[in-house]
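Quick notes on the structure that follows.
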There are 2 protein chains.
Amino acid sequence: MDKTENWMTIGQVARSAGAKVQTVRYYEEIGLLPPAPRTAGGQRLYDEVARKRLAFIRHARGLGFPLEAVRELLRLADHPEAPCDEADLIAARQLEAVEQRIAQLLSLRHELGRMLDHCQGDRVARCRVIETLADHSLCAEAEHLGAGL
Amino acid sequence: MDKTENWMTIGQVARSAGAKVQTVRYYEEIGLLPPAPRTAGGQRLYDEVARKRLAFIRHARGLGFPLEAVRELLRLADHPEAPCDEADLIAARQLEAVEQRIAQLLSLRHELGRMLDHCQGDRVARCRVIETLADHSLCAEAEHLGAGL
DNA sequence: CCTTGAAGCTACAGTCACTGTAGGGATTAG
DNA sequence: CTAATCCCTACAGTGACTGTAGCTTCAAGG
């Protein structure tokens with residue numbers, strides 16, 4: 001019933017999950033991945049379970065979950081009998097953050113587009129881009145736009 | 001013709017431009033703001049010119065320009081006789097980055113929404129959120145979504 | 001004049017999530 | 001046996017701040 005272990009090197013597992021080698025070692029260092037078994041020469045070996053765990057992390061990171069949320073999701077994934085309200089909550093929070101960020105970026109795109117529409121081949125003295133940034137009346141708007149995500 | 005200098009403290013200028021005191025000192029440290037004149041006791045003083053420069057920086061940062069782009073934009077703003085192609089180019093690049101990021105976030109929102117729609121009060125074993133993240137077939141998509149901005 | 005409390009100062013460490021580098025050792029194909 | 005490619009550890013660097021410790025300065029009230 002047990003299939004033969006098909007060990008991968010760190011480079012292979014990294015490639016297969018779309019991560020860099022250093023990133024995989026980093027995840028091990030901060031405890032997102034368990035310490036990998038080693039060859040006699042000290043090189044890390046990964047099996048299918050480890051590969052899936054890494055893919056899970058990369059997928060969650062791709063969706064913008066911060067590492068602490070990923071850690072929590074992994075903890076939940078390790079306990080399949082528990083209710084999944086917590087996982088839902090984490091995902092809902094992430095969705096909310098994403099929606100806020102989208103709204104920010106849309107208004108940002110609007111302003112950048114306006115800047116560029118109104119400035120074509122003039123001197124800096126009348127450059128709409130520079131003017132817009134220097135314009136005090138617009139700064140109040142911009143203050144709401146933080147760095148999210 | 002010269003109006004009386006109306007000096008502000010660092011706290012006042014920071015508040016007026018929506019920055020933290022430390023951030024203002026940081027901008028001075030990295031050369032985005034010129035070294036502020038000081039009181040006899042060594043406290044920084046800011047005039048209207050400095051306030052506008054800080055507001056310019058905060059506005060640009062609010063629009064997502066990286067500090068190096070801000071530095072370049074300030075350099076351009078300091079030379080009003082030059083052509084503004086460069087400022088346009090910087091803004092255009094930023095607009096492109098913003099549009100990419102929006103596209104990423106929209107597909108991200110879609111996937112998060114799907115996760116949440118399909119998972120209501122079940123156990124983790126059948127949790128759509130966890131399942132989706134563990135699903136290998138979706139990882140290829142996620143790899144394109146990096147950290148932008 | 002003196003005190004008090006807020007605000008300022010420097011210098012440095014910490015954040016997040018990696019990424020890059022230096023200087024070596026292991027593994028593998030030919 | 002050798003060369004190329006991978007892997008190892010340890011640590012520094014990134015961007016753009018933010019927070020902390022331990023001071024000093026300043027403005028207002030008594």
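In the text below, chain A, chain B and the rest are named by the order of the sequence lines, each starting its count at 1. Keep in mind the model is a prediction, meaning the values are calculated, not measured.
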[atom1] of [X] to [atom2] of [Y]: how many Å apart, nearest 0.5 Å?
| X | Y | atom1 | atom2 | result |
| --- | --- | --- | --- | --- |
| A:I90 | A:D85 | CD1 | CG | 11.0 Å |
| A:E99 | A:I102 | CD | CD1 | 6.5 Å |
| A:L45 | A:M8 | CG | CE | 10.0 Å |
| B:R93 | B:L89 | CZ | CG | 4.5 Å |

Measure from [atom1] on [X] to [atom2] on [N] and round the result to the nearest Å.
| X | N | atom1 | atom2 | value |
| --- | --- | --- | --- | --- |
| B:L45 | D:dC26 | CG | C1' | 12 Å |
| B:E28 | D:dC17 | CD | P | 15 Å |
| B:L32 | D:dC17 | CG | C1' | 12 Å |
| B:I30 | D:dA16 | CD1 | C1' | 8 Å |
| A:K20 | D:dC7 | NZ | P | 14 Å |

Along DNA chain C, first and last positions that approach a heavy atom of chain A under 4.0 Å = C:dA17 to C:dT27
ask   = Considering heavy-atom distances to DNA chain D, does A:Q12 or B:G42 have its closest nucleotide positioned more toward the 5' end?
value = A:Q12
note = Nearest-nucleotide check on DNA chain D, B:P66 vs B:T39; residue mapping nearer the 5' end is B:P66
query = Under 4.0 Å between a Lys/Arg side-chain N and an Asp/Glu carboxylate O for A:E68 and A:R71?
reply = yes
message = Regarding A:E72 and A:R75, does a basic nitrogen lie under 4.0 Å from an acidic carboxylate oxygen?
response = yes
inquiry  = Check the phosphate of D:dT25 against B:R38, side-chain N and O only, distance under 4.0 Å to OP1 or OP2. Yes or no?
reply    = no
Phosphate OP1/OP2 of D:dC8: any A:R25 side-chain N/O under 4.0 Å = yes
Most 5' of B:Q43 and A:E68 on DNA chain C, judged by nearest nucleotide = B:Q43
ask   = Of A:Y26 and A:G41, whose closest DNA chain C nucleotide lies nearer the 5' terminus?
value = A:Y26
task = Report yes or no: do A:Y46 and A:R53 form a side-chain donor-acceptor pair below 3.5 Å?
result = no
query = Taking the side chain of B:R58 as heavy atoms from C-beta outward, which of D:dT9, D:dC17, D:dA16 is closest to it?
reply = D:dC17
